[in-house]
Protein chains: 2
Amino acid sequence: MPEPTPGARPTLEAVAARAGVSRATASRVVNGGAGVRRPLVEKVSRAVEELGYVPNHAARTLVTRRNGAIAVIIAEPEFRVFSDPFFEQQVRGISRELTAHDAQLVLLWVEGSGDYDRIARYLGGGHVDGALAFSLHNDDGLPAVIARAKVPTVFGGRPGWPGAGAGQQVPYVDCDNRGGAREAVRHLVSLGRTRIAHIAGPRDQTSALDRIDGYRDALLDAATGGGPGLIAQGDFTVDSGARAMAELLERAPDLDAVFAANDLMASGALRVLRERGRRVPQDVAVVGFDDMTPLAESCDPPLTTVRQDIEGMGRLMVRLLMRVLGDGTGTGADENADEPGAGAPGSVITPTRLVRRASA
Amino acid sequence: MPEPTPGARPTLEAVAARAGVSRATASRVVNGGAGVRRPLVEKVSRAVEELGYVPNHAARTLVTRRNGAIAVIIAEPEFRVFSDPFFEQQVRGISRELTAHDAQLVLLWVEGSGDYDRIARYLGGGHVDGALAFSLHNDDGLPAVIARAKVPTVFGGRPGWPGAGAGQQVPYVDCDNRGGAREAVRHLVSLGRTRIAHIAGPRDQTSALDRIDGYRDALLDAATGGGPGLIAQGDFTVDSGARAMAELLERAPDLDAVFAANDLMASGALRVLRERGRRVPQDVAVVGFDDMTPLAESCDPPLTTVRQDIEGMGRLMVRLLMRVLGDGTGTGADENADEPGAGAPGSVITPTRLVRRASA
DNA sequence: CATCACGGTGAGAGCGCTCTCACCCTAATC
DNA sequence: GATTAGGGTGAGAGCGCTCTCACCGTGATG
């Protein structure tokens, strides 16, 4: 058991002394050992081992200006967030990928606009190399705070606040909300449905808006009477889905299909349909979005839905950020990049996939 | 708009120069300004403002040996954890208290023993001042890894691994599991119940063991026939509670009360009792543990349970850690400390409270 | 008037590391 | 044998900050 020096942790100096080399050479070995002859590499390695040397992070950061930490900004507008399986999966993906890049995850939990100052100070303080944030609500002031801090940031979900796509290009990772919605509705069309309604998500979230667009795309393609479609407003919760479904049945008793902007609302819709004696999918076909697996599978009937790879999106957020930071960790293999040639790291749109179950 | 110097961030040197003072004085002002005369304080403050100066964290850490960050180690033996409302609440409490102490939360997500090395390296690398961990399973190797890193650590939940209480005193925060269980069972006794069964949690978790002890305590007190009690094994999941309940009904058809070691299992038990035609609480009274509010309230009938202040425990973990770290932030006010006199920061046991609803 | 005490200030050392640059040694070339 | 090339190594500067300590001026004291 090579007990380290009593008390203080050994410095690179100590390692160098023990190995009989200069601090510079010891440093080289510790950082990979490029350009150092074998015997010296081994001597230094042994000294490191024996002394139990661990590099001082602060000293290293001071000179390299890199601290190997990434902030994950979690705003909690509603009270869910953490227990939301969506976030859990995304954070898991982020955590895994960050680990692969040897970077740490600093969690910035924002509970309200009162925290903005603290966040801005922290981000501006150079504690982290970059940040990951989620574009939740467009009317939120947080994006502005983040932008002002001038820390390289990648967003989860397409940001929708004023001037986003226009002036400053904000890299983000999102799934193909519009395409996924289009596919969902096309599927309903292919089933011969002609009165297809939509339960939309909150209007201040781009994902909800994009899904509405996809719904409209498909309706136009199908030339199913056209018109603005039949849309009821929800807010991504089960109850709102139920309410919206009830409203739709009121407005259009003859509807034969519903595309809900997420699985939670779809499950609420299913409940109402069941209560009103409509058979799914015979009378009304239902498609959701997200494929929250345990939920979608346990619906009655199991929910046909649009799957997005949430954990993968988390990982992509990290990769994108690392690219922005000029990290050369070429993971090669997968090339999901949006812009193949461009040097400036653009955003990434991940594909979605329709998962057919019993509801449509 | 006082635009900061182009490119690089201003250093203390720059602030000092602009304010016409020495670096030392500028530093004093930045750190609270004790012992600096008013006019100078103002001059420096203005310079800070104008230059948009933000202290370089790495440089500061390098000399002070404090980095204002705490690791929160989350091991994920099962696949839940994050979406577990228990953890969410505890992490929320931790986050809030950490913010109050101006400390950052570094999330260390452990997915398996393969991560131990990484964790050890990180903890040993002095990136954080301290750590918070949760004692999940006693057979887990993680506690040993943490102990070896010699980073001040506070545990959530009484650690139960070999040599814990004995050799090294590990500070922890836990609720009064035994007392709470005792109170729950006493309540059942006071209701005139004589055949009281227990659905226990996993045997490798101290909380489960302590609750069993509390159950036995109360039975002994009541001298209700004595004996080892009627215990069925569960694992804190709803299904296990249901299975345990079925088993209990088999073994003791005449039981008239059940104390489940958590609310999840209690809800499973309620389901089985309902299925078997036993009325709650008339035929069988049921008490749970945790008071997971939405769940306990929405049970049928609403669950009588033992409440613990989970978020508060998270905050206490941070306070305890700060005390270990010698942080002088005397929040005064509340004095939940276990050991009033002792200088060595002991552990904290938070009180529990029986919440009466309809099930008992 | 000389001395002391003391709060306020600045000079300078160093925290532990990386990185540039000069140096040295060996081997190839003229 | 003298020269050049080039890889390996060490000396030393410096990242931005804190903190000790010496110093200076002021007001109280002998």
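Chain naming here is simple, since letters A, B, ... match the order of the sequence lines and numbering starts at 1 in each.
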### Message
For D/dT18 and B/N31 - does any side-chain N or O of the residue sit under 4.0 Å from the phosphate oxygens OP1/OP2?
### Response
yes
### Query
Taking OP1 and OP2 of C/dG8, is either one under 4.0 Å from a side-chain nitrogen or oxygen of B/R37?
no
### Query
Nearest of C/dT9, D/dG10, D/dC17 to any side-chain atom of B/N56?
D/dC17
### Task
For A/L40 and D/dG7, give me the distance from atom CG to atom P, rounded to whole Å.
17 Å
### Query
Rounded to the nearest Å, what distance is computed from the CG atom of residue B/L62 to the C1' atom of nucleotide C/dC15?
4 Å
### Query
What orientation do B/H127 and B/Y122 show, parallel under 30°, tilted 30 to 60°, or perpendicular over 60°?
parallel
### Query
What is the distance from CZ of A/R38 to C1' of D/dG7, rounded to the nearest Å?
17 Å
### Query
Between A/R23 and C/dT18, does any side-chain N or O lie under 4.0 Å from OP1 or OP2?
no
#### Entry: Nucleotide C/dC15, atom C1' - distance to CZ of B/R66 in whole Å
16 Å
### Query
Roughly how far apart are B/I73 CD1 and B/T153 OG1, rounded to 0.5 Å?
6.0 Å
#### Entry: A/R28 side chain, from C-beta outward: closest of D/dT18, C/dC21, C/dG16
C/dC21
### Query
Within this structure, what is the OH-to-C1' distance between B/Y53 and D/dT18, rounded to whole angstrom?
11 Å
### Message
Rounded to whole Å, please give me the gap between CG in A/N67 and P in C/dC17.
### Response
16 Å
### Query
So, are B/R315 and B/E311 salt-bridged, with charged N and O less than 4.0 Å apart?
yes
### Query
If you check every side-chain atom of A/L12, which of D/dT18, D/dT9, C/dT18 has the closest atom?
C/dT18
### Query
Between B/R65 and B/G35, which has a closest nucleotide on DNA chain C that is more 5'?
B/G35
### Query
What distance do B/E97 atom CD and B/L321 atom CG have between them, rounded to the nearest 0.5 Å?
11.0 Å
### Message
If you compare every side-chain N and O of A/S22 against the phosphate oxygens of D/dG10 (OP1, OP2), does one of them come in below 4.0 Å?
### Response
yes
### Task
Look at B/S27 and D/dT18 and indicate whether a side-chain polar atom (N or O) is within less than 4.0 Å of OP1 or OP2.
yes
#### Entry: Nearest-neighbour nucleotide for the B/A24 side chain, D/dC17, C/dG12, D/dA11 considered
C/dG12
### Message
Tell me whether B/E42 is salt-bridged to B/R38, with the criterion being a basic N under 4.0 Å from an acidic carboxylate O.
### Response
yes
